[in-house]
Amino acid sequence: MKHPIILKKQTLAIAAVALAAFLLTGCAGPAGGAGTAGERAAGVGGEAGQAAGAGGEAGLTAGAGAAAGQEAGVKGAAAKPSGRTALTGQPIRIGAIYALSGNNAAIGTNILRGIDFAAEDINAAGGVDGRPIEIIRGDTQGDEEVARAVAKRLITEEQVHAIVGCHQSTLTEIVAEVCEEYHIPMITAISTVDSISTHHNEYFFRLCPMNSLYLENMFMYMKEQAEQTGKEVKTIAVFADNSMIGQEAIRCARIYAPQYGMEIVKEIQYGQGAADLTDEILELKAAGADAVLAESYVSDASLLMRTMYEQNYRPPILIAKANGFADPSFIPATRGMSEGVTSVVEWNPDMTKGQEINRRFKEIFGVDMNGHSAESYTAVWTFKTAFEQAGTDDGETVKDVLTKIDIRESFPDGPEIILPYDRIKFEDHEFDGVRHYHNNIYASVAIAQIQDGEYKTVWPFEYSNQRIEYPAGYENR
């Protein structure tokens, strides 16, 4: 018997009708009582929508249909461990709070694929000591006050035991405050702005690296790439907009450059959404740095590449902190100009980790995992481990377990950690004189390079089978 996710692909027309009906009622409410990730996986949006991160998924609940999935088994998944109890207990309800409508809906929808997929895998393998995980969706609409109201509703009305969210760091801060008030443990898998971990919220935990660690990993790459290329990076130029994230990138570059034996010879700060970058590119070209470190949203990143092409400027290394350079539209918009550009990635399909998990994910959703879906998948497994170690769904107890949890290599009775690190442990630490709380101190990112028109992982070397192309060629071959 096929898993319900696979069966759903055979009833695409029915799924499309159901999806349309659901969307008419809105997807900000509780996720309801029936359905699995399969009932959100019919490719209603088509491959174009998937490429933009916008695939068509109805806002149903993962986990309530787990009994059927448990009986049928998951195609390609690890079988339920022998001796595990059936899914007969009360569900453990995890709230997933993301933008599911508005400008950021595509990002939120993509994140939820990883969450739903994790819930399916966990429930197919026996749940949490026989209790199914049930995902309850909440739509922030990208709005701060809506996020606050949704968090309160999920806690007080839907009775969730934990929360994962959000994508936007400003909303994550707000939801963390609500979780603190109601003593509900929360993990963010995506939000990276440094400041959100400075508030000493006891119930808030960050799985992903914070922005400053992204920057340090970029400097580590620039240092270690010489092992393959034989070319040391001694001088760098920084190109960033005047947003909060852009300014944070400049600040961190100033901290890390001397630590890694590099000199910043030029800093370019420009207005976000610039109409022309000619003067800025000519300044970069005159600086002649060994590498350019860039932080831009996608329209600016595309304009940067076009202007570099027009001005015949080709730095040997251009390394970006993801953002617009990792947007699905970037490579198509800059084809013939961006070959050899490198960027941070939280996960990439050609990494040597997570290949089997991604194969099953792609079989269901029609696209590869990306960094966001891989991180959200990992967050749900982290909660699963915490609930089992706690032996209860009590928020105080689960919070205490999360402060001590130490997951190495793989989850107990579960998959390997598929992200580019091998350990999950939340600890307090200090950075640049500021105290941070409950960050996963072993989190890190990978670096991918555009080769033959797609991003291919080139660092860390132990997770890559691809060699670095140096210098960057920029034109497609």
Side-chain angles (χ1 to χ4, degrees), residues 19 22-32 40 45 49 52-62 93-116 118-119 134-182 184-193 195-197 199 201 203-208 211 243-245 297 323 327 346 370-373 375-377 379-380 383:
L19 175 58
F22 178 83
L23 290 176
L24 287 173
T25 65
C27 55
R40 294 176 297 279
E57 291 140 85
L60 305 179
T61 302
R93 296 163 70 84
I94 298 178
I97 301 182
Y98 298 95
L100 304 178
S101 60
N103 293 337
N104 290 299
I107 297 173
T109 298
N110 177 60
I111 292 168
L112 279 162
R113 293 189 187 110
I115 290 172
D116 293 340
E134 185 177 4
I135 303 301
I136 311 297
R137 298 187 177 202
D139 180 11
T140 69
Q141 303 172 33
D143 180 86
E144 295 181 7
E145 289 310 309
V146 173
R148 189 186 305 277
V150 166
K152 288 185 177 181
R153 177 178 62 78
L154 262 60
I155 293 170
T156 61
E157 297 180 21
E158 300 301 325
Q159 301 292 305
V160 298
H161 303 107
I163 282 177
V164 288
C166 304
H167 168 244
Q168 296 148 287
S169 292
T170 52
L171 305 191
T172 298
E173 280 191 294
I174 290 169
V175 173
E177 291 173 1
V178 177
C179 289
E180 194 74 10
E181 178 184 354
Y182 290 95
I184 296 295
M186 174 184 179
I187 293 177
T188 183
I190 312 295
S191 294
T192 62
V193 169
S195 61
I196 64 175
S197 58
H199 304 304
N201 290 328
Y203 291 81
F204 175 76
F205 300 83
R206 173 159 38 196
L207 176 74
C208 57
N211 273 341
S243 69
M244 180 174 68
I245 291 179
Y297 289 94
N323 205 342
D327 189 281
E346 295 89 1
N370 70 0
H372 284 170
S373 51
E375 286 179 316
S376 60
Y377 177 87
V380 177
F383 260 135

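In what follows, every heavy atom counts, from backbone to side chain, and hydrogens, waters and symmetry copies are set aside.
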Colleague: Please check: side-chain N/O of T172 versus main-chain N/O of C166, any donor-acceptor pairing under 3.5 Å?
Modeller: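 Answer holds: yes.
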Colleague: Rounded to the nearest 0.5 Å, how far apart are CZ of F383 and CD1 of I94?
Modeller: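 Interatomic distance, F383 CZ to I94 CD1, rounded to 0.5 Å: 6.5 Å.
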Colleague: How long is the gap from OG1 on T140 to CG on N104, to the nearest 0.5 Å?
Modeller: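 The distance works out to 7.5 Å.
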Colleague: If you compare all heavy atoms of L154 against all heavy atoms of A96, which two are closest, and at what distance to 0.1 Å?
Modeller: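 Looking at all heavy atoms of both residues, the closest pair is CD2-N, 4.3 Å.
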Colleague: Restricting to pairs with a member in residues 136-167, which pass ring pair (Phe, Tyr, Trp, His ring centres under 6.0 Å), not counting sequence neighbours?
Modeller: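 Listed once each, the pairs are H167-H372.
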Colleague: Tell me, do Y98 and V164 make a side-chain contact under 4.5 Å, heavy atoms counted?
Modeller: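 Side-chain contact under 4.5 Å: yes.
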Colleague: Start with the C-alpha gap between F204 and T188, add the side-chain angles, then the distance that decides, and say whether side chain to side chain contact (heavy atoms under 4.5 Å, CB included) holds.
Modeller: CA-CA 8 Å; F204 175 76; T188 183; 3.5 Å; yes
Colleague: Out of curiosity, R206 CZ to S197 OG, how far, rounded to the nearest 0.5 Å?
Modeller: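 One finds 4.0 Å between CZ of R206 and OG of S197.
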Colleague: So which pairs with a foot in residues 167-179 pass salt bridge (Lys or Arg N to Asp or Glu O under 4.0 Å), sequence neighbours left out?
Modeller: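 Residue pairs with at least one partner in residues 167-179: R148-E177.
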Colleague: Applying ring-ring contact (aromatic ring centres under 6.0 Å, His included), can you list everything that pairs with F205, at least two apart in sequence or on another chain?
Modeller: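 Here the qualifying residues are F426, H438.
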Colleague: Is any side-chain heavy atom of I174 less than 4.5 Å from a side-chain heavy atom of Q168?
Modeller: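 In short, these two side chains do not touch, never coming nearer than 4.5 Å.
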Colleague: Provide the closest heavy-atom pair for V175 versus A147 in the form atom of the first, atom of the second, distance.
Modeller: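 V175 and A147 have their closest heavy atoms at CG2-O, 4.0 Å.
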Colleague: What closest approach, in Å, do C179 and I163 show between heavy atoms, and which atom pair accounts for it?
Modeller: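 Nearest pair, atom of C179 first, then I163: SG-CD1, 3.7 Å.
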Colleague: Would a distance-only check, ignoring hydrogens and angles, find a side-chain to backbone donor-acceptor pair under 3.5 Å from N370 to S373?
Modeller: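 Here the side-chain-to-backbone pair exists.
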Colleague: If you take all heavy atoms of V178 and A151, which pair is closest and at what distance?
Modeller: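 Where V178 meets A151 most closely, the heavy atoms are CG1-CB, 3.9 Å.
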Colleague: Where do L112 and L100 land on the side chain to side chain contact (heavy atoms under 4.5 Å, CB included) test, with the steps shown first?
Modeller: CA-CA 9 Å; L112 279 162; L100 304 178; 3.0 Å; yes
Colleague: Within the distance-only criterion (no hydrogens, no angle test), does the side chain of N201 pair as donor or acceptor with the backbone N or O of E180 below 3.5 angstrom?
Modeller: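 Flag not set: sc N201 to bb E180 has no pair under 3.5 Å.
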Colleague: Quick check against the 3.5 Å criterion: does D143 have a side-chain atom that pairs as donor or acceptor with the backbone of E145?
Modeller: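 Yes, D143 side chain to E145 backbone: donor-acceptor pair under 3.5 Å.
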Colleague: Specify the closest pair of heavy atoms between R137 and R153, including all atoms of both residues, with the distance to one decimal.
Modeller: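 Minimum heavy-atom contact is O-NH2, 4.2 Å.
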Colleague: Once rounded to the nearest 0.5 Å, what's the spacing between atom CD of E346 and atom CD1 of I190?
Modeller: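 E346 atom CD to I190 atom CD1 measures 7.0 Å (nearest 0.5 Å).
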Colleague: Between OG of S376 and CG of N110, what distance do you get to the nearest 0.5 Å?
Modeller: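 Between atom OG of S376 and atom CG of N110 there are 7.5 Å.
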Colleague: Which distance, rounded to the nearest 0.5 Å, do you find between the CD1 of I245 and the CG of N211?
Modeller: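 Between I245 CD1 and N211 CG, I get 5.5 Å after rounding to 0.5 Å.
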Colleague: Taking all heavy atoms of E181 and all of K152, pick out the closest pair and write down the distance.
Modeller: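 Reported closest heavy-atom pair: OE1-CE, 4.2 Å.
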